[in-house]
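Below is one structure, written out as structure tokens, with a few remarks after it.
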Amino acid sequence: MSSQQPVAGLDAPERVAHRRRYLMCRPEHFTVRYSINPWMEPARPTDTAKAVAQWQELYDTYLRLGHTVELIDPVPRLPDMVYTANGGFVIDGVALGVRFRVDERRGEEQPFMEWFADHGFDVVRPTAVQEGEGDFLLVGDAILAGTGFRSSTGGHEEVAAVFGRDVISLTLVDPRFYHLDTAIAVLDPVQGVGGVDAANIAYLPAAFDEASQRVLAERFPNAIRVSDADGAVFGLNAASDGRHVFISPRATDFAEQLRARGYVPVPIDLSELLLGGGGIKCCTLELRDRPEGIR
Ligand code: ARG
């Protein structure tokens, strides 16, 4: 870090935590028995008990910091269901279901839509291929949408139509970063205030094609650019409440960058779940209620 960087607590603004409501799924059936991303090696043994223990740490930490966590029952033979970010995309009480590109996960589509319906959300059944909050990130009033590996541009159009918001399509080019939430972290997921520029993001430039890098640089001139090393340990697969940023303990430079801007990094180690190609954000789906709903 150069001496020109702001010192945490001095020049950095005081960050305010907002209470979040998340959906998680205990990884009781977690294992790696197929490979649908470069992280997954079925020959390598996985430890389900360790995955559950690490996941529990994330769950407990969310509760300890005042967040609400809902649980969906894990389904046998759906080992990737722990990655609830891929279960849908939820804004203002409307839950758009997912339509996976990969056959291995299509069995999750129905259980997630049923959970949303049973919990009072208006469910929209999708027609185009898209993998939910893994590829859609709400930033201010706009939605950043990833494509290149999983979600289709048709899925982006559908999201724009369902939620009536601006959708900014971004193309991912590195197969290790196959979902948008592996390459961008939303730090200030504030809704409805000041548009995109009011919100801060962190991202890994090398994960995007040139056109998308330009869009990101223009739209988010103040964004944190994360090093390739921190990207490679899934540092960007992080959740944030606007103050606490839940990140991999291995993303040490990113933690420093966050501190310099007044955020509080909260390290959570999900190394076992990384064997499936997922991290903190993948295990976390945000449930955004209707504006007049419980907050
Ligand atoms: N094995 C899962 C898959 O490849 C991991 C999903 C990670 N989820 C995420 N939101 N990035 O689909």
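Counting starts at 1 for both ligands and their atoms, in listed order. Hydrogens, waters and symmetry mates are skipped; everything else that's a heavy atom, side chains included, is used.
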Salt-bridge criterion met for D122 and R290 (N-O under 4.0 Å):
yes

Taking the six-membered ring for Trp and the single ring otherwise, decide whether the centroids of F163 and F89 are under 6.0 Å apart.
yes

How about W55 and F30: are their ring centres within less than 6.0 Å of each other?
no

Has F100 got any heavy atom lying under 4.0 angstrom from an atom of ligand 1?
no

Between ligand 1 and H179, is the shortest N or O to N or O distance under 3.5 Å?
yes

Any side-chain donor paired with an acceptor under 3.5 Å for R225 and Y203?
yes

Numbered atoms and elements of ligand 1 in range of G276, under 4.0 angstrom, heavy atoms
1 (N), 2 (C), 5 (C)

I need the nearest protein heavy-atom contact for atom 5 (C) of ligand 1: residue, atom name and distance, please.
Y178 OH, 3.3 Å

Do any N/O atoms on T182 end up under 3.5 angstrom from N/O atoms on ligand 1?
no

Looking at ligand 1, does any of its N/O atoms fall within less than 3.5 Å of an N/O of D181?
yes

Ligand 1 atoms in contact with R150 (distance to a heavy atom under 4.0 Å):
3 (C), 4 (O), 12 (O)

For C282, take its heavy atoms, then give the atoms of ligand 1 lying under 4.0 Å from any of them.
7 (C), 8 (N), 9 (C), 10 (N), 11 (N)

If only side-chain N and O atoms count, and only distance matters, is there a donor-acceptor pair under 3.5 Å linking E131 with H179?
yes

Charged N-O contact under 4.0 Å between D188 and R15:
yes

Suppose I only count heavy atoms of G134 and a 4.0 Å limit; which atoms of ligand 1 are within that range?
10 (N)

So the atoms of ligand 1 within less than 4.0 Å of a heavy atom of G277 turn out to be 5 (C), 7 (C)

Atoms in ligand 1 flagged as close to M40, the criterion being non-hydrogen separation under 4.0 Å
1 (N)

Students should be able to answer this: which protein heavy-atom is nearest to atom 12 (O) of ligand 1, and at what distance?
R105 NH1, 2.7 Å

NZ/NE/NH1/NH2 to OD/OE distance under 4.0 Å, K281 and E133:
yes

Looking only at distances, can you tell me whether any N or O atom of Y83, backbone or side chain, sits closer than 3.5 Å to an N or O atom of ligand 1?
no

Would you mind running through ligand 1 and noting each atom that sits below 4.0 Å from a heavy atom of A85?
10 (N)

What class does the angle between the rings of Y22 and Y62 fall in, given that below 30° is parallel, 30 to 60° is tilted and above 60° is perpendicular?
tilted

Show me the donor-acceptor pairs, under 3.5 Å and distance only, between side chains in residues 93-104 and residues at least two apart or in other chains.
unit_1	atom_1	unit_2	atom_2	d
R101	NE	F149	O	3.2
R101	NE	R150	O	2.7
R101	NH2	R150	O	3.1

Any idea which protein heavy atom is nearest atom 8 (N) of ligand 1, and the distance to it?
N86 OD1, 2.8 Å

Within 6.0 angstrom of R44 CZ, more than 12 heavy atoms from elsewhere
no

